[in-house]
Amino acid sequence: MAKLKRTTITNMTSVSEVEARQACNIDFLKYNVDNKSEDTYQAVQLPNEITIKVLSYLDTIEVLRMATVCKSWKDLIHTTPSVWRNIHLQLSCNRKSSHNKRTFLCAQQFGMHFRKLSVSCSHDHQTAICKFMAIDFRKLLLSLHQTSLTSIKITDLQLRGALLSTVKSITEILTRILSRSDRIQCFKMSSAQFRVEEGINVLDTVFSESRGTLETLYVDTFFRESLLGYPRREQDKLTNGILSLTRLTKLGIDYLHLTDGFLTALSRSHAGQLKRLTIVAKYLMDDGPRIFNYGTKLATNSWLTLAGSCPELKVVFVTDGYTLARLNSCMEILDRVMPIYKIKLMLDFGYHDDLNSSRFTNLLNEITANFRNSLVKLELEHWHPTGQIDAAFLDLVRKCQLLTHIKATAYFSDPETERIALELVHARRRQQEMRESQEMPNKRAKLTPADGPGSDPA
């Protein structure tokens, strides 16, 4: 059996990035025509603006390495705040590595220039949960001084196994940083798993300090437990805080935190404004009555109201096999009127024997039947070595005419399945690019007045 390797159809590269890459390909050693020897070269000095542009496409560690090339680059890197405005820091799970120490020193030395900060862990969370992330994240926060951030993105913080004292310390430091940064535009902390008490304190600070500036909020799997088991006021703090944001355009939230009342209120408070709604349905087995009782399913009218008030809304749905194994149909969570833009399915059949290949085939058929006119991106992981999913997968790719992005890791019984799917997606992608290139001159022509000053009358 053939295995479909991870395949991604990405967007077109931006012009600025192409220019920067071309700058990277410049021959930095120019032949010295005054010297008769063909082995003698002379270095070319690039303008600082081009050097800084090239450095903007490197990660933090690579920028620090560039600072060791020569004294002029070191001075330029250490004295240019714009180099450090958009920073991604990666923490290592290897406690013997010196990588994290260099990361802490970098934050301590250049943290004052940080504006957009993203932090992730190099640990493979598909096999185990990193138990050191919380400790090192606390050290990283302590290394930041006088930071005024506009964007915070933390991936896979995983505080479930952390000590209570560590979690409280993270909450206090993070709250202090958020209070100091009065212009937060993006707050994304997925899979944090705060306890409800600490998590609510962090979100209260976000809502109170950045009510008029926050545009992107992702708090899926933010709490360790569902708020359904807590007093109603805890759920209201979250929903009322989200509704109070005046510039919100992108929202990521757990499925369990959605109610008909919240969707209706969201359609009123953010009419014509909300463009992206990411719904994460993971680890829902502890809240069985909320999910599997058909009387509590979100009403179709709620989704129709939200989609009608936000015509540009795109819904992203993310779930795993642990949740789907408890469902007879994915339509117990989804609704056919939802404007589904992307679906991400993580199905590890090695741990969920009751979710067999036939049920996964039915899942693909349901997606094809209900979202064939809206689905643009599909991301799935299917690790069942004996699954017969080829026909259902190809049927989905053929019938979903807007599907132009696929990222899949799966077993197929026929090695031709991968080739056929890729050819279909590539052909559809080329047709889309041709249509966009043909529409662009027409749009420019409409912007040009037919009769202007000095033009001949018709």
Side-chain angles (χ1 to χ4, degrees), residues 48-49 52-53 55-64 67 74-91 100-121 133-134 136-155 157 159 166-190 192 194 198-219 222 241-242 244-252:
N48 290 344
E49 293 78 7
I52 293 173
K53 187 66 176 179
L55 292 174
S56 66
Y57 292 98
L58 303 180
D59 61 32
T60 307
I61 300 301
E62 289 174 338
V63 171
L64 292 175
K74 178 181 178 181
D75 295 339
L76 178 65
I77 291 173
H78 281 248
T79 58
T80 307
S82 60
V83 175
W84 305 102
R85 292 187 181 277
N86 192 356
I87 293 298
H88 174 74
L89 300 176
Q90 192 174 61
L91 299 176
N100 288 0
K101 293 182 179 180
R102 292 194 297 269
T103 301
F104 301 149
L105 290 175
C106 174
Q108 187 174 9
Q109 185 172 3
F110 303 104
M112 65 194 71
H113 302 310
F114 291 177
R115 294 298 177 265
K116 297 182 180 180
L117 175 65
S118 62
V119 182
S120 64
C121 187
M133 178 66 168
D136 291 335
F137 181 67
R138 174 183 173 274
K139 293 180 180 179
L140 176 62
L141 293 179
L142 289 173
S143 303
L144 297 175
H145 299 291
Q146 302 300 323
T147 302
S148 182
L149 299 173
T150 61
S151 175
I152 299 177
K153 298 180 181 179
I154 312 298
T155 307
L157 183 55
L159 295 176
T166 303
V167 177
K168 288 185 175 181
S169 178
I170 289 176
T171 303
E172 294 174 358
I173 303 171
L174 190 58
T175 301
R176 187 163 59 249
I177 292 176
L178 290 169
S179 301
R180 188 168 60 236
S181 304
D182 57 353
R183 294 176 55 253
I184 289 289
Q185 300 174 5
C186 174
F187 182 80
K188 184 175 182 179
M189 191 169 283
S190 302
F194 275 100
E198 286 78 17
I200 287 294
N201 290 336
V202 173
L203 291 183
D204 279 345
T205 306
V206 174
F207 296 144
S208 61
E209 299 293 336
S210 306
R211 181 174 290 109
T213 59
L214 195 66
E215 300 176 0
T216 301
L217 176 68
Y218 281 79
V219 287
F222 186 79
I242 294 174
S244 68
L245 301 174
T246 60
R247 300 184 61 181
L248 186 66
T249 59
K250 297 179 181 179
L251 173 64

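- For the pair V219 and V206, the minimum side-chain heavy-atom distance is 4.5 Å or more.
- Not a single ring pair (Phe, Tyr, Trp, His ring centres under 6.0 Å) links F187 to another residue, sequence neighbours left out.
- Interatomic distance, L157 CG to L174 CG, rounded to the nearest 0.5 Å: 9.0 Å.
- Residues that satisfy the side-chain hydrogen bond (donor to acceptor under 3.5 Å, both in side chains) test with H88, not counting sequence neighbours, are S118, S120.
- In this view, R102 and S98 satisfy the side-chain hydrogen bond (donor to acceptor under 3.5 Å, both in side chains) rule, not counting sequence neighbours.
- Looking at T249, its side chain does come within 3.5 Å of a backbone N or O of E215 through a donor-acceptor pair.
- Every residue two or more places apart in sequence or in another chain that forms a side chain to side chain contact (heavy atoms under 4.5 Å, CB included) with R211 is listed here: S244.
- Residues forming a ring pair (Phe, Tyr, Trp, His ring centres under 6.0 Å) with F110 (at least two apart in sequence, or on another chain): H78, W84.
- Looking at residues two or more places apart in sequence or on another chain, you find a side chain to side chain contact (heavy atoms under 4.5 Å, CB included) between S169 and R138, I173.
- In this structure, T216 OG1 and R247 CZ are separated by 10.5 Å, a value rounded to the nearest 0.5 Å.
- Shown here are the side chain to side chain contact (heavy atoms under 4.5 Å, CB included) partners of S151, two or more places apart in sequence or in another chain: K116, K153, C186.
- How far CD of Q185 is from CG of L217: 13.5 Å, rounded to the nearest 0.5 Å.
- For the pair T205 and N201, the minimum side-chain heavy-atom distance is 4.5 Å or more.
- In this structure the side chain of L91 reaches within 4.5 angstrom of the side chain of F104, judged on heavy atoms.
- Rounding to the nearest 0.5 angstrom, the gap separating the CG atom in L203 from the OG atom in S208 is 10.5 Å.
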**Message:** Pair L178, I152 - check side chain to side chain contact (heavy atoms under 4.5 Å, CB included), show working.
**Reply:** CA-CA 9 Å; L178 290 169; I152 299 177; 3.6 Å; yes
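- Put simply, the side chain of L117 reaches to within 4.5 Å of the side chain of L144, judged on heavy atoms.
- Separating the NZ atom in K139 from the CG atom in L142 is a distance of 10.0 Å, to the nearest 0.5 Å.
- To the nearest 0.5 angstrom, I177 atom CD1 is 13.5 Å from E209 atom CD.
- Evaluation of the side chain to side chain contact (heavy atoms under 4.5 Å, CB included) rule for T246 yields no partner, not counting sequence neighbours.
- Counting all heavy atoms, side chain and backbone alike, M112 lies closest to Q109 at CE-O, 3.7 Å.
- One N or O on the side chain of T213 and one on the backbone of I184 form a donor-acceptor pair closer than 3.5 Å.
- Remark: T166 engages no residue in a side-chain hydrogen bond (donor to acceptor under 3.5 Å, both in side chains) (not counting sequence neighbours).
- In this structure, F137 has no ring pair (Phe, Tyr, Trp, His ring centres under 6.0 Å) partners at least two apart in sequence or on a different chain.
- Side-chain N or O atoms of S210 include none that pairs as donor or acceptor with a backbone N or O of F207 at under 3.5 Å.
- Contact annotation: the side chain of V202 approaches that of F222 to within less than 4.5 Å [non-hydrogen atoms, C-beta and beyond].
- For E198, the side-chain hydrogen bond (donor to acceptor under 3.5 Å, both in side chains) partners two or more places apart in sequence, or in a different chain, are R195.
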